[in-house]
Protein chains: 2
Amino acid sequence: MNKNDNITNLSFDFEFLDKVIVGIGEVSQITNIPTRQIRYWEDKGIITSLTEKEGKNRRYDYKNIKKMLLIKELLDEGYTLDASAEKVKKRIILIEEMLKKLKKDYS
Amino acid sequence: MNKNDNITNLSFDFEFLDKVIVGIGEVSQITNIPTRQIRYWEDKGIITSLTEKEGKNRRYDYKNIKKMLLIKELLDEGYTLDASAEKVKKRIILIEEMLKKLKKDYS
DNA sequence: ATTCATTTTGTAAATAAATTACAATGTTTG
DNA sequence: CAAACATTGTAATTTATTTACAAAATGAAT
């Protein structure tokens, strides 16, 4: 499969997933997590933003947005924040590996 | 395939593509199109934002970001803005149909 | 039940980003 | 070169975000 097939084959739009970065307000809308809570999680080191590299305001990549969604699910299931974060770590590693692999295969 | 497999199977993270909305600044970073130009295209009716529904500032969904990227490609190939927009319309319809279909199949 | 740690939420003042509406400058083509 | 098309500039205003303080919830253990 070649890069340009991506145009209509969304199943493999990793370029987009890889490029996309989103401000805290939009992340809040996407995930339904209050901005205040997102900042707290970041303060605790559970998620990370691209602030330093990108600008003055927080920017989150796909990996971290996904992380938030997963943590939120586990919180709802009754896990503590730390436990959720720990559990999610493993999944995130899988996601990262898959993204890396797919990036290699389809570019 | 069920909804929760999405967690590690990124090939089918349509939920994300469907939910994601991005501010004009981030769209500009993602696409390398100046914000000024994005606003101009919107003024011309070539792309649309979710401003009215969402808030005071412009928010773009996946479809419109994709549209911008495609238009940009065609502009580089020498098409005029209107011609590019017209050409892209057809591709966008395909993208929309595919998104709709995949949403139905994998949820 | 009260203590204690964890987690979420509130808010004011300052900074950063986006909007609008005006216009100016490029660019292309007949 | 004229004329339509397209991009870019910018000042003043509005909106969003940040930080840093603190106050409430929440929950578990003693």
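Computed from a predicted structure; not experimentally measured. The figures that follow rest on heavy atoms only: side chains count, while hydrogens, waters and symmetry mates do not. Below, chains carry the letters A, B, ... as their sequence lines are ordered, and counting in each starts from 1.
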Pairs touching residues 74-86 of chain B that satisfy salt bridge (charged side-chain N to carboxylate O under 4.0 Å, His left out), sequence neighbours left out: B/Lys44-B/Asp82, B/Glu86-B/Lys89
Ring pair (Phe, Tyr, Trp, His ring centres under 6.0 Å): pairs with one or both residues in residues 74-102 of chain B, sequence neighbours excluded: none
Integer-rounded Å distance: C/dT7 P and A/Ile38 CD1: 17 Å
For atom NZ of A/Lys44 and atom P of C/dA5, their distance in whole Å: 14 Å
The criterion is side chain to side chain donor-acceptor pair (under 3.5 Å); which residues satisfy it with [X], sequence neighbours excluded?
X	value
B/Lys63	B/Glu96
B/Asp18	B/Lys103
B/Gln37	none

Angle by which the axis turns from one end of the helix from C/dA1-D/dT30 to C/dG30-D/dC1 to the other, five pairs per end, to 10 degrees: 40°
Nucleotide interval of DNA chain D bounded by contacts with chain B (heavy-atom cut-off, under 4.0 Å): D/dA6 to D/dA16
Touch class at under 4.0 angstrom, heavy-atom based, for A/Ile46 against every strand present: nothing
Sugar-phosphate only, base, or nothing, as touched by A/Leu75 at under 4.0 Å among non-hydrogen atoms: sugar-phosphate
Lys/Arg N to Asp/Glu carboxylate O, B/Lys19 vs B/Asp61, below 4.0 Å: no
Heavy-atom donor-acceptor pair, B/Asn64 side chain to B/Ile47 backbone, under 3.5 Å: no
Base versus backbone protein contacts along nucleotides 18-30 of chain C [heavy-atom cut-off under 4.0 Å; B, S, -]: SBBBBB-------
Residues forming a side-chain contact (heavy atoms from CB on, under 4.5 Å) with B/Ser28, sequence neighbours excluded: B/Thr35, B/Ile38
Sequence-distant partners of B/Glu97, salt bridge (charged side-chain N to carboxylate O under 4.0 Å, His left out), two or more places apart: none
Test log, rule side-chain contact (heavy atoms from CB on, under 4.5 Å), inputs B/Tyr40 and B/Leu81: CA-CA 11 Å; B/Tyr40 174 68; B/Leu81 182 56; 3.8 Å; yes
